[in-house]
Amino acid sequence: MSTPSEPRPPHDGPALEPIRVLRPRRTDALAELMREFQQETGRDPGRQETGRASGGYGSGRGPGGYESVTLPGPPAGSEALTQELPPVARETRRPTRAVPPGAGLRRAAVAVAVLAAAVIGFGGALLLHGEHKDASAAPAPGPPRTAPSTPDPTPTPPGPAAPAPVDPDGAGTLREGATGPEVTELQQRLLDIPDVYRDGSTSGSYDPTLTAAVARFQLWYGIRGDETGVYGNDTRAALESRTAAGTS
């Protein structure tokens with residue numbers, strides 16, 4: 001395999017034109033043609049074979065089996081028509097100028113400032129136009145209005161007195177803070193129930209200790225009709241059914 005030739009510099013002189021070209025001769029086709037020619041003309045084939053062995057078929061035969069062909073000369077005036085191409089100018093790149101740091105930020109800040117000024121001016125124009133329109137459309141003030149006179153209210157007779165509050169647990173219900181002989185009777189009855197009001201006092205005051213004793217009695221004997229710690233009708237009936245009156 002042939003190696004590519006090295007690149008050569010361009011030729012600056014006049015263009016060279018070929019004068020003679022060597023091309024390979026086809027010996028087989030030429031021998032066949034000579035044999036046909038000898039048969040037609042009647043020449044001696046032995047002399048032709050001898051001539052072939054001696055090196056060719058005439059003075060135009062070259063070494064190595066190549067035939068020399070003379071090319072026609074260039075036409076008159078062709079050299080005057082030959083023109084040299086102008087040299088190709090190399091493309092030169094313009095040096096780029098370096099952008100200083102912060103130039104883009106300054107441009108953006110200027111653009112934002114211009115836009116903000118335009119928006120503020122437009123908003124001020126709208127406000128002035130709106131104030132002028134409101135001032136022109138404001139109605140004229142009318143005469144002052146006087147408040148209508150109201151007649152003096154007539155006194156109303158006092159109504160009946162409100163009834164006394166009714167105990168929601170019923171009459172005779174005792175709760176913490178109550179005092180009197182009924183509380184004393186309750187304390188005496190609770191002392192008759194074992195471990196309900198042990199060593200309790202009979203001072204006639206419904207104190208927290210008595211409230212806890214009443215709640216304990218309600219829990220132990222399953223009394224649910226009254227509030228916890230309140231001596232109501234259900235608790236009274238259960239306690240009176242288990243104790244005697246006036247006992248201590």
Side-chain angles (χ1 to χ4, degrees), residues 105 108-109 111-113 115-248:
L105 295 178
V112 171
L115 181 60
V119 172
I120 293 173
F122 183 71
L126 289 179
L127 290 177
L128 292 176
H129 181 70
E131 291 179 358
H132 179 70
K133 185 176 181 180
D134 293 342
S136 60
R145 296 182 180 180
T146 57
S149 60
T150 56
D152 296 335
T154 57
T156 56
V166 180
D167 193 347
D169 298 329
T173 301
L174 301 177
R175 60 180 67 247
E176 186 174 349
T179 57
E182 293 183 354
V183 177
T184 303
E185 182 183 357
L186 170 62
Q187 292 172 340
Q188 293 175 354
R189 288 180 180 274
L190 288 176
L191 287 173
D192 294 340
I193 304 297
D195 300 330
V196 173
Y197 190 52
R198 181 181 299 178
D199 299 333
S201 65
T202 58
S203 61
S205 176
Y206 205 119
D207 54 5
T209 304
L210 183 59
T211 302
V214 173
R216 191 179 302 112
F217 175 75
Q218 293 171 343
L219 177 64
W220 287 3
Y221 291 93
I223 301 171
R224 299 181 180 179
D226 297 328
E227 186 178 353
T228 302
V230 176
Y231 188 60
N233 294 332
D234 295 340
T235 308
R236 182 188 300 274
L239 182 59
E240 289 180 354
S241 64
R242 289 175 174 81
T243 57
T247 60
S248 58

Visitor: Has the side chain of R175 got a donor or acceptor atom that lies under 3.5 Å from a matching backbone atom of V230?
Guide: no
Visitor: Would a 4.5 Å heavy-atom cut-off, applied to side chains only, mark E182 and L186 as touching?
Guide: no
Visitor: Which pair of heavy atoms, one from T202 and one from Q188, lies closest together, and at what distance?
Guide: CG2-CG, 4.0 Å
Visitor: Test your reading of the model: is there a side-chain donor-acceptor pair from D226 to the backbone of Y231, 3.5 Å cut-off?
Guide: no
Visitor: Which heavy-atom pair separates P194 from W220 by the least distance, and what is that distance?
Guide: O-CZ3, 3.7 Å
Visitor: Evaluate side-chain contact (heavy atoms from CB on, under 4.5 Å) for Y197 paired with T209, printing each intermediate quantity in order.
Guide: CA-CA 8 Å; Y197 190 52; T209 304; 4.2 Å; yes
Visitor: Side-chain contact, heavy-atom cut-off 4.5 Å: I223 with L239?
Guide: no
Visitor: Can you find a pair of side-chain heavy atoms, one from L174 and one from L210, that are under 4.5 Å apart?
Guide: no
Visitor: Give, for atom CG of L219 and atom CZ of R224, the distance between the pair rounded to the nearest 0.5 Å.
Guide: 9.5 Å
Visitor: Which heavy-atom pair separates T228 from Q218 by the least distance, and what is that distance?
Guide: CA-OE1, 3.3 Å
Visitor: Could you report the tightest heavy-atom contact between A213 and L190, atom names first, then the distance?
Guide: CB-CD1, 4.1 Å
Visitor: With sequence neighbours left out, write down each residue that passes side chain to side chain contact (heavy atoms under 4.5 Å, CB included) with T179, or none if nothing qualifies.
Guide: S205
